[in-house]
Structures are given as structure tokens and as C-alpha cells.
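These notes concern the structure reproduced below.
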Amino acid sequence: MESKKILHNVFQNVEVGIGEVSKVVGVSQRQLRYWEEKGYIKPVADDKSGVRRYNLSTLYLIVFIKEQLDKGFTLAAAFERSRDVRVKSKIARKFFEHSFNDVKITNSDKAYGEIDLGDFQTQDGKMYHFKGVVDERGRYVKIDE
DNA sequence: GTTCTAACA
DNA sequence: TGTTAGAA
């Protein structure tokens, strides 16, 4: 199997217990159970034992909510923000679909390069090929003629 | 030793 | 939310 897919499966199947999540993230077990009761998070379904395990995406969500709480947001507001993040990520992924297939390194030491952003249609219907450039001038977009 | 539910400060 | 009790 393709190594990329293998890694994807590995990450997808990572599960962490409530004790470790609580200790590492800094959220009490009581909170995690309460958030679940509120419907904000969901432990891995296929666990008849009653012991909670969380997958990676849930772990990310827990970390995000914790960060928002630390910033002073209420639990409800924190969860609503996490929803926004998911939607925004989806929009961004859609926009940049297949855009990172080709990244040309122009300076390895300084991490300069050109990202092939692909073809984009402007509002007037014309198609252009864009490249995202990172170099000594900063970061900017370039139209590939 | 860890996690669960339920109840109460 | 924290904490505690009693069971799994």
C-alpha cells in the first residue's frame, strides 16, 4: 500500500484514553464527560466496555476548545468557533484543491520557493495560472504567463 | 491503578 | 466544575 495511505490509517486509528487526554491537554476528566453530555465531543463508538477513547480529530477538537476557554470564551462559544474552523478549513481546502502538487524550491537554505497554485478563473471568465512565491521580497502571488 | 456513574459542595 | 463514594 502507498505509504501515505498507511500513515493516514495509522493516524486515523490512534486512540487515547480519557486519563491521558486529561493529563496532556489540561482538561479535567469531569469536563470531558460533561462536554460529551452536552454533545460537543464523542468518544470512539465501537467500545462496548464503557471506557472512553478519543481519536485524533476529537483530540484536536478538545485541544481547540481548551484554547478557546483559556482565551475567555464560554464552552458554547468555544464549540461554535470550532465549527467555524472546520467550515473555513473545508472552504480553504476546496479553493486550494490540487494546488500543492508542485512546490519548487528556489533556495533550500532560506526556504524560498514557488507553489504552483493551479488554474483559476477570474470573475470575468478568464483563466490564469497562479504561482505563490516566497523569496527575499516576502510572499506574493504571481501570474504565470 | 484507572475509569465509570451519580450525587453533592 | 471540583470532588468524592462505591462499583467494575
Side-chain angles (χ1 to χ4, degrees), chain A residues 1-123 128-144:
Chain A
M1 193 189 294
E2 190 185 346
S3 61
K4 194 174 179 180
K5 290 186 176 181
I6 295 176
L7 276 182
H8 180 81
N9 286 332
V10 170
F11 286 126
Q12 187 64 45
N13 287 310
V14 169
E15 292 177 8
V16 190
I18 193 173
E20 192 167 3
V21 171
S22 174
K23 183 173 57 183
V24 173
V25 182
V27 174
S28 69
Q29 299 188 14
R30 175 77 167 86
Q31 282 178 299
L32 292 171
R33 297 186 183 109
Y34 180 68
W35 296 359
E36 175 185 339
E37 182 187 322
K38 283 291 190 178
Y40 297 146
I41 61 176
K42 184 70 187 166
V44 174
D46 55 270
D47 207 319
K48 161 71 177 81
S49 67
V51 176
R52 278 164 255 252
R53 298 194 190 295
Y54 303 99
N55 60 29
L56 255 197
S57 59
T58 303
L59 188 52
Y60 281 128
L61 176 57
I62 292 170
V63 170
F64 181 84
I65 292 177
K66 203 277 189 284
E67 288 174 343
Q68 300 308 304
L69 290 178
D70 289 344
K71 289 180 181 175
F73 291 100
T74 65
L75 177 58
F79 181 71
E80 188 53 42
R81 292 190 128 226
S82 76
R83 240 188 65 89
D84 288 349
V85 169
R86 278 196 294 278
V87 175
K88 287 178 182 177
S89 298
K90 189 174 181 179
I91 294 171
R93 273 198 305 276
K94 198 169 184 177
F95 188 80
F96 288 111
E97 212 169 12
H98 302 141
S99 289
F100 300 103
N101 291 338
D102 188 72
V103 179
K104 185 169 69 180
I105 299 174
T106 55
N107 187 314
S108 185
D109 293 330
K110 297 185 176 179
Y112 290 161
E114 289 187 359
I115 303 174
D116 188 342
L117 298 174
D119 294 318
F120 286 96
Q121 191 174 46
T122 56
Q123 286 177 304
Y128 294 95
H129 194 87
F130 283 91
K131 283 189 174 179
V133 183
V134 175
D135 61 17
E136 62 280 348
R137 287 188 285 176
R139 56 180 283 277
Y140 55 92
V141 205
K142 184 173 72 177
I143 298 177
D144 210 14

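Chain naming here is simple, since letters A, B, ... match the order of the sequence lines and numbering starts at 1 in each.
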Residues in contact with DNA chain B, drawn from residues 68-81 of chain A - heavy-atom cutoff 4.0 Å: none
Contacts of A:Glu80 that satisfy side chain to side chain donor-acceptor pair (under 3.5 Å) - sequence neighbours left out: none
For A:Gln29, give me all partners under side chain to side chain donor-acceptor pair (under 3.5 Å), at least two apart in sequence or on another chain. A:Arg33
For A:Phe130, side chain to side chain contact (heavy atoms under 4.5 Å, CB included) partners two or more places apart: A:Leu117, A:Phe120, A:Tyr128, A:Val141, A:Ile143
Please tabulate, for the side chains in residues 68-77 of chain A, all donor-acceptor contacts under 3.5 angstrom to protein atoms that are two or more places apart in sequence or on a different chain.
| residue | atom | partner | partner atom | Å |
| --- | --- | --- | --- | --- |
| A:Gln68 | OE1 | A:Arg81 | NH1 | 2.8 |
| A:Asp70 | OD1 | A:Lys66 | NZ | 3.2 |
| A:Asp70 | OD2 | A:Lys66 | NZ | 3.4 |
| A:Thr74 | OG1 | A:Ala77 | N | 3.1 |

Applying side chain to side chain contact (heavy atoms under 4.5 Å, CB included), name anything that partners A:Lys90, two or more places apart in sequence or on another chain. A:Arg93
For A:Leu7, does the CG atom sit with more than 12 other heavy atoms under 6.0 Å from it, leaving out its own atoms? yes
Pairs in or reaching into residues 105-115 of chain A: which pass side-chain hydrogen bond (donor to acceptor under 3.5 Å, both in side chains), with residues at least two apart or in two chains? A:Glu114-A:Lys142
Enumerate the side-chain hydrogen bond (donor to acceptor under 3.5 Å, both in side chains) contacts for residues 18-28 of chain A, please, sequence neighbours excluded, ordered by first and then second residue. A:Ser28-A:Gln31
A:Arg137: side chain to side chain contact (heavy atoms under 4.5 Å, CB included) partners, not counting sequence neighbours: A:Asp135, A:Tyr140
Expected list for residues 24-41 of chain A near DNA chain C, using heavy atoms below 4.0 Å, is A:Ser28, A:Arg30, A:Gln31, A:Tyr34, A:Trp35
Excluding sequence neighbours, so at least two apart, what forms side chain to side chain contact (heavy atoms under 4.5 Å, CB included) with A:Arg86? A:Leu61, A:Phe79, A:Ser82, A:Arg83
Range on DNA chain C touched by chain A, heavy atoms, distance below 4.0 Å: C:dT1 to C:dT3
